[in-house]
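The next block holds one structure in the form of structure tokens; read it before the comments.
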There are 2 protein chains.
Amino acid sequence: MDDVAVTVDVVLATVLDDTLTVLLVQRGVEPFVGRWALPGGFVLPDEGLDAAAMRELTEETGIDIEDGGHLEQLRTYGAPGRDPRGRVVSVAYVALVPRLPAPVSGTDASGARFWPVDRLGRARLAFDHARIVADGVERIRAKLEYTTLAVTFVDEPFSIPDLRHVYEAVWGVMLDPGNFSRKVLGTPGFVVPTGNRAPIGAPGGGRRPVLYRRGPAAALHPPILRPA
Amino acid sequence: MDDVAVTVDVVLATVLDDTLTVLLVQRGVEPFVGRWALPGGFVLPDEGLDAAAMRELTEETGIDIEDGGHLEQLRTYGAPGRDPRGRVVSVAYVALVPRLPAPVSGTDASGARFWPVDRLGRARLAFDHARIVADGVERIRAKLEYTTLAVTFVDEPFSIPDLRHVYEAVWGVMLDPGNFSRKVLGTPGFVVPTGNRAPIGAPGGGRRPVLYRRGPAAALHPPILRPA
DNA sequence: TCAATAGTGTCTGTCAGACAGTATGTG
DNA sequence: CACATACTGTCTGACAGACACTATTGA
């Protein structure tokens with residue numbers, strides 16, 4: 001009755017070069033040697049699921065979710081046959097972090113890099129990880145609508161246009177700068193002003209935007225909806 | 001590494017007497033003998049998670065989700081110590097069904113009944129099932145906003161006021177009959193008219209409402225939002 | 001100077017909610 | 001008749017999206 005193994009897998013997402021990307025590791029062991037996969041691994045006997053997700057992420061990539069990041073459970077994948085080694089049930093997580101130092105490979109992985117989510121057709125992911133990534137990306141896109149999670153993708157301090165670039169990258173659309181600015185500033189607790197403006201010398205010219213930090217609000221009322 | 005057991009637990013909800021209720025079974029075996037708990041049990045070695053949820057529901061209560069019901073994964077609970085028998089990770093599900101025949105007790109359960117969700121303080125649920133029920137109820141309340149799931153709570157054919165009573169029961173609020181009717185009929189594919197009206201002889205008098213069946217639409221654009 | 005960007009003002013169409021008014025049923 | 005319920009009409013305030021306009025910067 002308990003020859004079932006439980007693993008965690010993490011869809012770690014960030015915005016790089018105005019593109020939504022997820023972290024994949026190249027597998028160094030069987031099965032699927034050399035293929036790209038989500039960071040993850042077996043849950044230890046006395047370890048909570050969230051703790052396991054954070055530990056595996058650190059072990060395989062050197063990334064610590066604690067500083068400014070966000071981690072939440074996505075869903076659980078348990079179809080028989082999804083892992084050739086036997087019955088493996090995987091609890092998937094989604095993690096969001098600001099721009100990062102380059103990930104480090106861990107013991108079980110021979111490489112790690114961020115992949116743009118719209119270039120994943122090339123990656124030939126191991127197991128059912130393509131499906132898990134797709135579900136995770138959709139979760140992220142949906143959550144930007146009615147939560148303030150977008151701020152976990154930017155470093156402080158940030159400007160309203162920085163935040164807009166996050167929405168544009170994640171949703172793959174262009175938003176009206178004026179309407180977006182009004183919307184964010186009209187939501188109490190979304191961002192708090194620092195009193196400063198961006199330093200002189202930014203490329204392209206233009207008025208220097210006001211800088212903000214993350215606010216205390218978590219939910220968004222009213223939501224910022226994706227264009228139809 | 002795999003002395004972890006995987007179970008499924010099901011929050012089966014229905015609307016009875018204009019009240020949202022969930023099905024609980026009284027445990028007949030240790031641990032927590034005599035306490036109320038969610039129907040559920042161990043996943044079999046070659047069984048998918050969804051299939052396990054349906055099987056356990058039928059075994060413990062005699063209820064088959066197939067006819068007109070809805071089943072979806074809720075989330076996974078895996079804190080160490082949540083089950084005194086050892087490490088047990090539980091994949092929780094939410095199920096919605098129309099009014100039902102009385103549930104039958106199964107082998108592992110000495111009783112089964114529907115509990116109104118606002119009377120669960122009395123029930124002293126086993127394990128962490130109080131938390132799971134709370135999460136499931138919140139999922140249901142949220143999903144009524146932007147999906148057509150409410151129709152899975154009513155028998156066909158049904159009237160717009162029937163559907164409104166579902167929303168009122170689940171959300172615990174009163175809705176404006178006129179605005180609700182306009183909203184539902186203005187959403188293509190939510191309901192399809194049968195051409196009939198409710199039979200003469202309903203209690204309370206009043207104009208006979210038009211009867212409908214479930215429509216093909218799953219999502220709701222725009223959503224029906226809970227009042228603030 | 002021109003080009004680019006930040007942010008405000010303003011208008012318009014859509015929609016939610018309040019509520020009046022009409023149609024149709026029971027007692 | 002009185003009364004209850006179903007449903008339509010209509011108004012108002014909030015908001016999204018389009019877009020003009022001003023302010024501020026680099027080249």
Side-chain angles (χ1 to χ4, degrees), chain A residues 18 144-146 150 154 157-169 171-188 190-212 219-228, chain B residues 18 144-146 150 154 157-169 171-188 190-212 219-228:
Chain A
D18 288 340
L144 288 207
E145 291 191 316
Y146 55 95
V154 292
F158 55 88
S159 66
I160 301 288
D162 289 340
L163 200 54
R164 177 165 48 85
H165 292 323
V166 167
Y167 276 87
E168 291 175 336
W171 287 346
V173 298
M174 297 295 279
L175 300 178
D176 183 279
N179 291 335
F180 182 84
S181 180
R182 197 188 352 253
K183 190 87 178 217
V184 171
L185 297 181
T187 302
F190 195 170
V191 298
V192 289
T194 63
N196 301 333
R197 288 171 168 272
I200 298 181
R207 180 168 158 182
R208 291 154 56 209
V210 175
L211 295 178
Y212 299 85
L220 228 49
H221 294 299
I224 300 179
L225 297 175
R226 283 176 271 191
Chain B
D18 288 341
L144 288 207
E145 291 190 317
Y146 54 94
V154 291
F158 56 88
S159 66
I160 302 289
D162 289 339
L163 200 54
R164 178 165 48 86
H165 292 323
V166 167
Y167 276 88
E168 292 176 335
W171 287 346
V173 298
M174 297 294 280
L175 300 177
D176 182 280
N179 292 336
F180 183 84
S181 179
R182 195 185 357 250
K183 189 87 179 213
V184 171
L185 297 182
T187 303
F190 196 171
V191 298
V192 288
T194 63
N196 300 333
R197 289 171 167 273
I200 297 181
R207 179 168 158 184
R208 292 154 55 208
V210 175
L211 295 178
Y212 300 86
L220 228 49
H221 293 298
I224 301 179
L225 297 174
R226 284 176 271 192

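All chains are named by letter (A, B, ...) in the order of the sequence lines, taking the proteins before the strands, and each is independently numbered beginning at 1. Values in this document were obtained by computation on a predicted structure and should not be read as measured data.
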Q) For A/Arg164 and C/dT5, is the shortest distance between a side-chain N/O and OP1 or OP2 below 4.0 Å? A) no
Q. For A/Pro209, which contact category applies under a 4.0 Å heavy-atom criterion: base, sugar-phosphate, or nothing?
A. sugar-phosphate
Q | For atom CG of B/Asp176 and atom P of D/dT12, their distance in whole Å | A | 17 Å
**Q.** Listed nucleotide nearest any side-chain atom of A/Val210, set C/dA23, C/dG7, C/dC19
**A.** C/dG7
Q. How many Å lie between CE on A/Met174 and C1' on D/dA18, as a whole number?
A. 15 Å
(Q) On DNA chain C, does the nearest nucleotide to B/Pro227 precede the nearest nucleotide to A/Asn179 from the 5' side, or the other way round? Give the residue. (A) A/Asn179
(Q) Given the structure, check if the side chain of A/Arg207 and the base of D/dG26 hold any donor-acceptor pair shorter than 3.5 Å. (A) no
**Q.** Separation of B/Leu144 CG from B/Leu220 CG (nearest 0.5 Å)
**A.** 9.5 Å
Q. Are OP1 or OP2 of C/dT26 and a side-chain N or O of B/Arg208 less than 4.0 angstrom apart?
A. no
Q) Mapping B/Ala228 and B/Arg197 onto DNA chain C by nearest heavy atom, which one lands closer to the 5' end? A) B/Ala228
Q: Measure the distance from CZ on B/Phe180 to C1' on C/dC19 and round it to the nearest whole Å.
A: 19 Å
Q: Report which part of the nucleic acid B/Ile200 touches: base, sugar-phosphate, or nothing (heavy-atom distance under 4.0 Å, all strands).
A: sugar-phosphate
Q: Report which part of the nucleic acid A/Pro199 touches: base, sugar-phosphate, or nothing (heavy-atom distance under 4.0 Å, all strands).
A: nothing
